[in-house]
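Right, one structure below, let's go through it.
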There are 2 protein chains.
Amino acid sequence: MGRNRATLADVARLAGLSKTAASMVLNGREGTRLSAEAHQRVFAAAEELGYRPNMAARSLRTRKTATIAFVSDIVATTRFAGDLIRGALDAARERDHVLLITETQGDAAFERYAIEAMLDRQVDGVVYAAMATRRLTVPPAILGGPVVLLNAVSPDERPCVLPDDEQAAVALVEALLAHGHRDRIALIGRNRLKEGDPEVSIAAPARLRGIRATLAAADVGLLAECFCAEWLPEHGYAAMRNLLSRSPRPTAVVCMNDRLAFGAYQALGEAGLAIPEDISVVSFDDDPIAAWLRPGLTTAALPHERMGRRAVELVLDGGDAGPSYVPMPLRRRRSVAAPAAGVPAPRRAPA
Amino acid sequence: MGRNRATLADVARLAGLSKTAASMVLNGREGTRLSAEAHQRVFAAAEELGYRPNMAARSLRTRKTATIAFVSDIVATTRFAGDLIRGALDAARERDHVLLITETQGDAAFERYAIEAMLDRQVDGVVYAAMATRRLTVPPAILGGPVVLLNAVSPDERPCVLPDDEQAAVALVEALLAHGHRDRIALIGRNRLKEGDPEVSIAAPARLRGIRATLAAADVGLLAECFCAEWLPEHGYAAMRNLLSRSPRPTAVVCMNDRLAFGAYQALGEAGLAIPEDISVVSFDDDPIAAWLRPGLTTAALPHERMGRRAVELVLDGGDAGPSYVPMPLRRRRSVAAPAAGVPAPRRAPA
DNA sequence: ATGCTCTGCTAAATCATTTTAGCTGCGCCG
DNA sequence: CGGCGCAGCTAAAATGATTTAGCAGAGCAT
């Protein structure tokens, strides 16, 4: 790999100047007194030889690698990881940096290993990412360089990047209220564990907070709140069946994420109820599935790409301590409509 | 980052030996004549100082970085990328290597940039990945070190890792035949572009080949073949509606991927037909959605994690030129049953 | 006594860069 | 005529490892 590349010495020789001169010209050093002609010659020589500096040598001297570490707990189990990484990749490229990626799988030994591997390679900074928004303790080993938490907060006030779940919840509920839904809004996805323990989730309490505040401001209460052990389709399905067995039926439900909403869709489909005519559904995340559902699901999108980008910007350009919130854009699709007048009756979709 | 680490010189000094001795001991060099006591002292000193070698310095000398490049066209748009990366990450870690990740977004300029960035950093090898199985020309710049194609083949016979789509198709169709489906099997997802142009897809023709061969061996023909402009849910939905408007109705459909199958599920749900009682459905990929559908979708899983792993194994351990096929395990869920006796009638799911 | 081999170790070169310190020659001032 | 400053450049050190070449001393044979 990278056989016989031209070195700085080659460039200098071809330009008829010293390595010092070549180095200074190529690095665009200010305040050097090298002649315009010297500049010309160096550039020409570098061009002719296709010179590219050897990063290993440069790093050895400068202790900079133009490389930043992206260490995450789990990349595979969530399909959002890709977006986080893409955003980080883009921002890194714009600043001529490159990403060294590792994964800890939540395992302490792997984490130690990963951190050491990064440190050995003299990364210029670290993005420490969690795939579900939660609280993370930064291993002390990486303090000493810039560290930014992505999708996580830390006990000590470190810069971090988070989705603005609370604002998203506000937007979602306001959309429902704007369509005329009032006292028959139900919530699917309450979860004591997620809401109570910041090690588990930051998102859950924020979403709940936003929902409650907005409803309270409009002086309406929730018709029902369904607890779910996990935020998976099967739980959304069960919750929706349960809601449908009760009276009165909700005119709208907000689901804590799209997978729950998907389960809710399934239950509604089986019950022969139409979305949004019989029941409106809104949710969080903008999982790809949200666009595939029929009708498309209105949901607040996790801005993963922008978050990834922001994280490396904070690492490279520096940033204030504490959280930096990225807004979650509302994707308006077809799952919201005004509640039907009177008591809605089950109806069949066309065959 | 990585402030004042102990250097080899420090270790040597503490051990009361030369750098040469320390280096040789720590690298476990054979054939050196250093005493057992010298070994002891070096290890003790390294331990005491928490010595870790500086990779930049080492790479400068050895031209090895214990780093491999993972360059892909697009990571974000597919949720499988995560699995590919995870597999690669695992294999890399096992061999004490680390992954430098970049993305070309299919853009030639970005690709050039990415390749140069990798080469500047003296990566030991390159995994060149496409997110949809297709043909890729390896940029000549990276020849000279090991290059393995992931999810892609190249015109020149380079080592590459591919899912075994053909075998998967065989398994899927055999599962249908085993349940007694014969002449009323339909296919959703024919696509001339994908089937005809290896730059676009390798998977499509392989899947089609497997399906046809298996049916031919059992001496049965396809009831219908639906062409789809893309492999998205809406196209699967339309195709299934079309199939249902015809007579006789299929007893089973094989979809070219899970997103098409999802669309087919939607159409069947709306038509009030039950899976698998009225129609069996099988498909390819094992998208997360396959497990979320009701009933779970029987599908041949893209073995992305194993593929990612295999690719870095080939880079590091060397491997024969040409394709290395990774089997696609069949995920048997609830979407397949024996065809109903007689003419199936529309039926309603319980409300 | 000389030379040879073997053991156990080390000095110094090397890798490709950045950076510090300083050199050379010229013009100018006093 | 001596010294000073400046323009334009360079030699050499430094970064932290690996590796080549070889040294000092002991043992042994001649």
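Naming: A, B, ... by sequence-line order, numbering from 1 per chain.
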*State whether B/D83 and B/R86 are salt-bridged, where the test is any N-O pair (Lys NZ or Arg NE/NH1/NH2 against Asp/Glu carboxylate O) under 4.0 Å.*
no
*Would you kindly give the CZ-to-C1' distance between B/R58 and D/dT19, to the nearest whole Å?*
13 Å
*asked:* Can you confirm if the NZ or CZ of B/R5 lies within 45° of the ring axis of B/Y51 and under 6.0 Å from the centre of its six-membered ring?
replied: no
*asked:* Quick test of your reading of the model: are B/R112 and B/E116 salt-bridged, counting only N-O distances below 4.0 Å?
replied: no
*Step by step, work out the side-chain hydrogen bond (donor to acceptor under 3.5 Å, both in side chains) result for B/N151 and B/Y128.*
CA-CA 9 Å; B/N151 219 13; B/Y128 196 56; over 6 Å; no
*Rounded to whole angstrom units, what separation is found between the CG atom of B/L26 and the P atom of D/dG16?*
16 Å
_Reading 5' to 3' through nucleotides 5-12 of chain D, protein heavy-atom contacts under 4.0 Å coded B for base, S for sugar-phosphate only, - for none_ = --BBBBBB
*Protein-nucleotide distance (B/N54, atom CG; D/dA14, atom P), rounded to Å*: 17 Å
*For the side chain of A/T62 and the backbone of A/R58, is there at least one donor-acceptor N/O pair under 3.5 Å apart?*
yes
_Within this structure, what is the CZ-CE distance for the pair A/R310 and A/M307, rounded to the nearest 0.5 Å?_
11.0 Å
*Under 4.0 Å between a side-chain N or O of B/Y51 and OP1 or OP2 of D/dG16?*
no
*asked:* With a strict under 4.0 Å distance from non-hydrogen atoms of chain B, what nucleotide opens and what nucleotide closes the contacted stretch of DNA chain C, reading 5' to 3'?
replied: C/dT7 to C/dA16
*Indicate yes or no: does A/E313 engage A/R309 in a salt bridge with an N to O separation below 4.0 Å.*
yes
*Just checking A/S23: base, sugar-phosphate only, or nothing, at a heavy-atom cut-off of under 4.0 Å?*
base
*asked:* Any N or O donor-acceptor pair under 3.5 Å from the base of D/dT15 to the side chain of A/R61?
replied: no
*Does a side-chain N or O from B/N27 land closer than 4.0 Å to OP1 or OP2 of D/dT18, or not?*
yes
_B/R95 and B/D317 ion-paired at < 4.0 Å_ = yes
